[in-house]
Every structure is written in structure tokens, then in C-alpha cells.
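Note sheet for the following structure.
Throughout, protein chains are lettered first and strands after them, A, B, ... in sequence-line order, and every chain is numbered starting at 1.
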Amino acid sequence: MKLHIYDTLRREKVGFEPQNPERVTLYVCGPTVYSFAHIGNARPVVVFDVLFRLLRALYGEHHVIYARNITDVDDKINKAAFDQGVEIDVITNHFADIYNADMATLGALRPTLEPRVTHNIDAILAQIAAILANGHAYAEQGHVLFDVESFKAYGALSRRSLDDMIAGSRVEVAPYKRNPHDFVLWKPSKPGEPAWDSPWGPGRPGWHIECSAMIEANLGLPIDIHGGGHDLIFPHHENEIAQGLCAQHAHGQDSGYARYWMHNGFLTFEGDKMSKSLGNVKLVHDLIEQVPGEVIRAALLSAHYRGPLDWTGELIAQTQSRLDGMYGTLRKFAAVPGRDEAAAPAILEVLCDDLNTPRAFAELSALAKALETAADDEARIAAKSRLLAAGRVLGLLQGDPEAWFRGGVDEDLKAKIDALVAERVAARTAKNWPDADRIRKALDDLGVDVMDSATGATWKLKAAETEDRGLSHGL
RNA sequence: GGCCUGAUGGCGGAGCGGUUACGCACCGGAUUGCAAAUCCGUGAAGCCCGGUUCGACUCCGGGUCAGGCCUCCA
């Protein structure tokens, strides 16, 4: 079984060959921690979490190194810190913690490494120095700027030439730039702004240098896969390549920067781009209060990662129903023991086809049906094990099925419901249908559905309750 | 202006040059004291115009529409 991924640089689907199968490296651009992450920020997190899980299944759990940076130096952070009268690390630690907690709610594993800019200043300074030494950058008025014209391959990833860009350029040209597209590697800090000493004066890193420097320092060049949102192709990733490669030229080496590039498509909200001016920015932190994290995760995986995804109330409702169905099956067969087993080839196969998660859902459905229709216990055990193993690769279906349907019920209500259900089971055993119906009605009033079975009864919160929690109101 | 995506049934969303995606919803049947769940089954598609082909949703050309990037942005 071989992974094939669509490589942005080559613009085609290619077979994936890691440089070293015992040390597969993946880097994804992470958050700038000055505020809450919105649902669009969560898409790459979930998508590349599936890739991380898949790579681990393919190459072994300890043979994959996944790094996702935390940008904790940035003008927006400075502004937030200034506004609140605190040091920047008060802001960055706070929001990094919230970010990690929120992403965990979406079922995302912690990356192997989470390098922070403030912990990698030395690496950044070293890379800038190397780029300078190689003649690909120049220092001017406290800034160090990358000289784009010195790097012939500039524009390869985004397929644009410097000439094209200049034609339609809206870039503001700073007086110290030789070419309008030269970008900052290091910039001076004003008094009061966070600053680190450097050969070019006290300052801080530019936006793009952190990723290439942390990749070189933490993973080593080249890395196998570099991922991120589609919008990062230019200029961010283009600039990363320029920096990473030009830093190496000192030794006459050019081992490459990233061997495969993957970019996820954009998420829209009810057909519109999410933006503050439209007031439709949905924060993950708020969403998880209203919708189970697993539903959000599944919704984000419902379309292929490269395509667009429109976030709508309908999408959430449909995703909730789909998961309800599968968890319903798992609850029905809760007594069937599950075997610990590796994910079946079928599920890995579809994911190996450039992370085809829609087909993976079809596979999940097939496995659930196999469990429902299994002829005997042995078949049920096998089917359930396969379903759970397939879910594990996707980061789905690992929760307690009973809890799935009872989320948000407090202990008092739960005790009350359990008592009523027990009472009703007794009435049914006695074939006392009027009482049984009366109790069903009482439970109905509590927003509870009772499901009878040969061995007793189970219950769940009614779907209507979920609606009331806001599912149909444009989340 | 330059670069780049996408357009599939009521909705979401894949694969595929000739055969069922899958899911949600709907309908019919089985089952059920009632109900739910489940199972079986039916119906439903490929933006427009050309071209290639024995045959195109699938390939090629053109068009239309929608969206993204080129400036902080997943």
C-alpha cells in the first residue's frame, strides 16, 4: 500500500516516498496565538491530523515526526499585549493553551513537536546570517531583507514570475527595498516592543523566517511533507522555500526544502468568506459549546481536503445524523467485545489516495452495515473491531456510544430518566401497555426517546433537543 | 491585469470513458403492543456549446457562473 498525494509544487498526484521510512517528517503551519482560532483555522488541523494518523499507521507510530509551530511573536500579539497592559507571553501562553484544548476537542492529536518562535531565536539568527553570507539578503536601516532577484527559482511554488507580480502589484514599496517583493527577515523593534539582540540591531524576526528556521533546526532539511492552507502558498511558503534553500547554498548544498507540498482548500460560511466585517467568524471555542467536537471534525472531513467546504447548519445537522447512526450501531452491539486490531486495508487504501476522506466515510458505512448484518458472534466481533479500527485512523467513533446519546444530561436528570425507564420496562414485562405508554409520554416530555429491545431498553436525548441547541441556526 | 480552483440527484459529496459511490432527507416493504432503531427495496444527477470516441458525468477546446490568491490570513 502506497500513499499518493497531490503535490502543489508539481501540480499532480504523485507517489509518496519518504526520505527515511523510519523518520518521516511533516510540518504544518500553526497558529499565531493572539486570539481564538476560528473554524477555518481548524480545517488544516483536522486534515493533517488524519495525515499524521495515516502516516503512523503506514510507517509506525514512532517513525513519524509531526511539527506544528506556534507563532508567539507578531504585531497582533504586541497590540493585544499593549491593549491589555501585559507582557506578550501572558497573551501567547493563554491562547496557546486554549488552542490546544480546543483542537483536542476536535480529536486532533498533539503534534510531536510544537516549536515556538521565542524558543528558536538563535536558529532564526543563524539562518538569516547564512542567507546573508550567501549573498541572498542585505541589511538596510536595521532591517535584513531577502533579495528575491538573487533566487532564480522564486515563484516556482505559486507559479508566478516576478514580472507578473510587479505588473499587478499592490505591494507598498518601502524605501529600503531593492525590489518591491523583497521581504523582511529581520526587522527593528521600536522602544517598548519585544526585541532580541542581533548583529543588525535589536529587533524581531519577520513572518516567514520562523518556519524555515524552525524546520531546519527541529526537523532538518529537507522535510518530507509541508502542509498548510491554500492561502499560504504565496507568499508564505514561497518565501520559506527561498529562505530554506538560500541558507544552504553556503556549503554548495541544496538538498531541497520540502519534498511534498499539501494545501487544504478554503472554508466558507453559508457561501461567504469568513470575515470580521461580515460578522460571520465562527470560533471553534464557541462552536464546541454547541456541537460535539466529533461532529465538527467529521463535518470538516466530509469533503475532500483540497476542495472548498461550505460551513452550514445543514452540514452540521447531516453530519450529526450520520454519526448518530454509527454510534447507534455501536451502542446496539456494545456487549460485543472488540478486538484490538490494525486498520483494515480498505480504509487505508482510500486514505492513501490523497486522503480521500469522503470515501473513507463510505467505508465506515459499509463496516457499520457489516456489523448490523453479521450472522453470528464471531462475525460481529470481527466487524466491530474493523469498524473501530477504521474509525481510529480518522479520529472518529472512539467515544463511549452510551455517552454519545446522553451528552449534557446532568446526574439528577439521568437518575430520573433511568428510574422511569426501569419502571417502564417492568410495565412492559407485565404487558401493562397503558402504563408503558404513559411513561413513554412522561419521558417524551423530558425530551427523551426510549428504544425497546429484547433485553431491556435504552434511551437518548431527542433530536429536537439538539436542534434547540442551535444546530439549525446557522452554526 | 496576472495566477489558481470549482460547477454532480432535494441536500452534502466521491470514483469512473461503457456496470450501485456513500451519507442525509423522502417513498414502499419487513419487523415492532406503541415508538425508535435495523434490514430489504424504489425513485433521483452530472452548468452551456462544440470536438474526440462505437460510446463521455468522466478526455479536449470555448463559454457562462461561483470562489480563492496576488496585502495580515487556514
Side-chain angles (χ1 to χ4, degrees), chain A residues 8 11 28-32 34 37-48 74-76 155 158-161 163-172 181 207 227-236 238 263-268 271-276 281 298-310 312 314-326 328-329 331-333 350 353 356-366 368-369 371-373 424 427-428 431-434 436-437 440-441 443-444 448-454 457-460 462-463:
Chain A
T8 307
R11 302 286 154 104
V28 175
C29 292
T32 300
Y34 70 101
H38 60 68
I39 185 65
N41 296 314
R43 167 120 102 143
V45 173
V46 169
V47 164
F48 290 108
D74 175 89
D75 287 349
K76 293 189 286 282
S158 55
R159 301 255 167 130
R160 22 185 115 186
S161 70
D163 291 344
D164 290 343
M165 288 189 279
I166 289 164
S169 181
R170 283 185 277 166
V171 178
E172 206 175 311
H181 287 89
W207 173 36
H230 198 259
D231 55 317
L232 293 179
I233 294 173
F234 188 89
H236 186 56
E238 197 73 73
H263 291 96
N264 62 274
F266 245 58
L267 184 144
T268 52
D272 294 319
K273 180 176 177 175
M274 260 194 263
S275 75
K276 281 179 182 163
V281 176
L300 288 171
L301 296 174
S302 67
H304 184 81
Y305 76 91
R306 274 192 286 121
L309 179 68
D310 193 28
T312 64
E314 182 66 17
L315 172 67
I316 296 174
Q318 288 189 8
T319 307
Q320 174 86 48
S321 296
R322 175 181 233 163
L323 287 179
D324 280 351
M326 290 193 280
T329 298
R331 171 156 79 162
K332 190 166 160 187
F333 297 100
V350 298
D353 180 16
N356 194 330
T357 52
R359 281 179 73 184
F361 275 107
E363 196 54 41
L364 243 33
S365 296
K369 177 166 283 189
L371 175 54
E372 288 280 2
T373 54
R424 183 162 178 285
R428 288 187 71 242
K431 295 197 188 297
N432 182 348
W433 308 131
D437 288 344
R440 174 179 288 286
K441 179 69 173 64
L443 285 163
D444 187 70
V448 173
D449 272 334
V450 198
M451 281 81 70
D452 298 325
S453 77
T458 54
W459 58 270
K460 69 171 184 178
K462 293 164 79 77

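Looking at every heavy atom in both residues, A:Pro44 comes nearest to A:Asn264 through CB-OD1, 3.2 Å. The two residues A:Pro358 and A:Ser302 come nearest to each other via the heavy atoms CG-O, 3.6 Å. Contact between A:Phe234 and A:Ser158 at its shortest, heavy atoms only, is CD1-OG, 3.4 Å. Between A:Glu372 and A:Lys332, the shortest heavy-atom contact is OE1-NZ, 2.8 Å.
Residue contacts shown for A:Asn356 are limited to sugar-phosphate atoms, with no base heavy atom under 4.0 Å away. As judged by a 4.0 angstrom heavy-atom cut-off over every strand, A:Ala436 is placed among the base-contacting residues. Nucleic acid contact class of A:Arg306 (heavy atoms, under 4.0 Å, all strands): none. If you check every strand for non-hydrogen atoms under 4.0 Å, A:His38 touches a base. Using a 4.0 Å heavy-atom criterion, one finds that A:Val28 contacts no nucleic acid atom at all. Here A:Gly307 lies out of heavy-atom contact (under 4.0 Å) with every strand. Residue-level contact check: A:Lys76 touches the backbone only, with heavy atoms under 4.0 Å from sugar-phosphate atoms and none from bases. In this structure, A:Arg43 reaches neither bases nor backbone, as no heavy-atom distance under 4.0 Å exists between it and the strands shown.
Checking B:rC59 for Watson-Crick or G-U wobble geometry (two distances, each under 3.5 Å) identifies B:rG51 as its partner. Nucleotide B:rA74 has no partner under the Watson-Crick or G-U criteria, as no pair reaches both atom distances under 3.5 Å. Pairing of B:rA30, defined by two Watson-Crick or G-U wobble distances under 3.5 Å, is identified with B:rU38. Pair check for B:rG12 finds B:rC22; Watson-Crick or G-U wobble, both atom distances under 3.5 Å. In this structure, B:rC3 forms a base pair with B:rG68, meeting either the Watson-Crick or the G-U wobble geometry with both donor-acceptor distances under 3.5 Å.
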A:Glu363 vs A:Arg359, test: side-chain contact (heavy atoms from CB on, under 4.5 Å). Steps then yes/no.
CA-CA 6 Å; A:Glu363 196 54 41; A:Arg359 281 179 73 184; over 6 Å; no
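Distance noted for atom P between B:rG62 and B:rU19: 28 Å (whole Å). Using atom C1' as the reference point in both B:rG9 and B:rU20, the two lie 14 Å apart (nearest Å). Only the C1' atoms considered, B:rU64 is 7 Å distant from B:rC48, to the nearest whole Å. B:rU53 sits 28 Å from B:rA44 when the C1' atoms are compared, rounded to a whole Å. To the nearest whole angstrom, the two P atoms, one in B:rA45 and one in B:rG10, are 7 Å apart. For the C1' atoms, the distance from B:rU5 to B:rG28 is 42 Å, rounded to whole Å. Rounded to the nearest Å, the gap between the C1' atom of B:rU42 and that of B:rC4 is 42 Å. Taking the C1' atom of each, B:rU31 and B:rC40 are spaced 11 Å apart, rounded to whole Å.
Atom-to-atom, CG of A:Asp310 to P of B:rA7 comes out at 14 Å; the value is rounded to the nearest Å. Taking atom CZ of residue A:Arg11 and atom P of nucleotide B:rC69, one finds them 15 Å apart after rounding to whole Å. Atom C1' of nucleotide B:rC70 and atom CZ of A:Arg160 are separated by 5 Å, given to the nearest angstrom. Straight-line distance from the NZ atom of A:Lys460 to the C1' atom of B:rU38: 12 Å, rounded to whole Å. Rounded to an integer number of Å, the gap from A:Leu232 CG to B:rG68 P is 16 Å. The separation between A:Phe361 atom CZ and B:rG12 atom P is 16 Å, rounded to whole Å. When rounded to the nearest whole Å, the span between CD of A:Gln318 and P of B:rG9 equals 13 Å. As rounded to whole Å, 19 Å separates atom C1' of B:rG33 from atom NZ of A:Lys441.
By the 4.5 Å heavy-atom criterion applied to side chains, A:Val28 and A:Val45 are not counted as neighbours. Annotation: side chain of A:Met451 is in contact with side chain of A:Arg331 (closest heavy-atom distance under 4.5 Å).
Here the nucleotide nearest the side chain of A:Arg428, chosen from B:rC3, B:rG33, B:rC40, is B:rG33. Taking the side chain of A:Arg440 as heavy atoms from C-beta on, and the options B:rU38, B:rC3, B:rA35, the nearest nucleotide is B:rA35. Among the nucleotides B:rG68, B:rG13, B:rC24, the one closest to any side-chain atom of A:Ser321 is B:rC24. If you check B:rU71, B:rA74, B:rG33 against the side chain of A:His181, the one that comes closest is B:rU71. Distance from the side chain of A:Pro358 is smallest for B:rG13 among the nucleotides B:rG33, B:rG13, B:rC70. Comparing B:rC22, B:rA74, B:rG15 against the side chain of A:Ser365 picks out B:rC22 as the nearest. In the set B:rC40, B:rA21, B:rA35, the nucleotide with an atom closest to the side chain of A:Ala362 is B:rA21. Residue A:Asn264 places its side chain closer to B:rA74 than to any other of B:rA25, B:rG12, B:rA74. Checked against B:rC40, B:rA14, B:rG23, the side chain of A:Arg359 finds its nearest nucleotide in B:rA14.
The 5' end of RNA chain B is approached more closely, in terms of each residue's nearest nucleotide, by A:Pro235 than by the other of A:Leu267 and A:Pro235. Across the interface with RNA chain B, nearest-nucleotide mapping of A:Asp231 and A:His304 shows A:His304 to be the residue nearer the 5′ end.
B:rG68 has no stacking from A:Phe266 on its base ring, since the centres under 5.5 angstrom apart and planes within 30 degrees of parallel are not both found.
Using modelled atom types, one side-chain atom of A:Arg424 and one backbone atom of A:Ala436 make a donor-acceptor pair closer than 3.5 Å.
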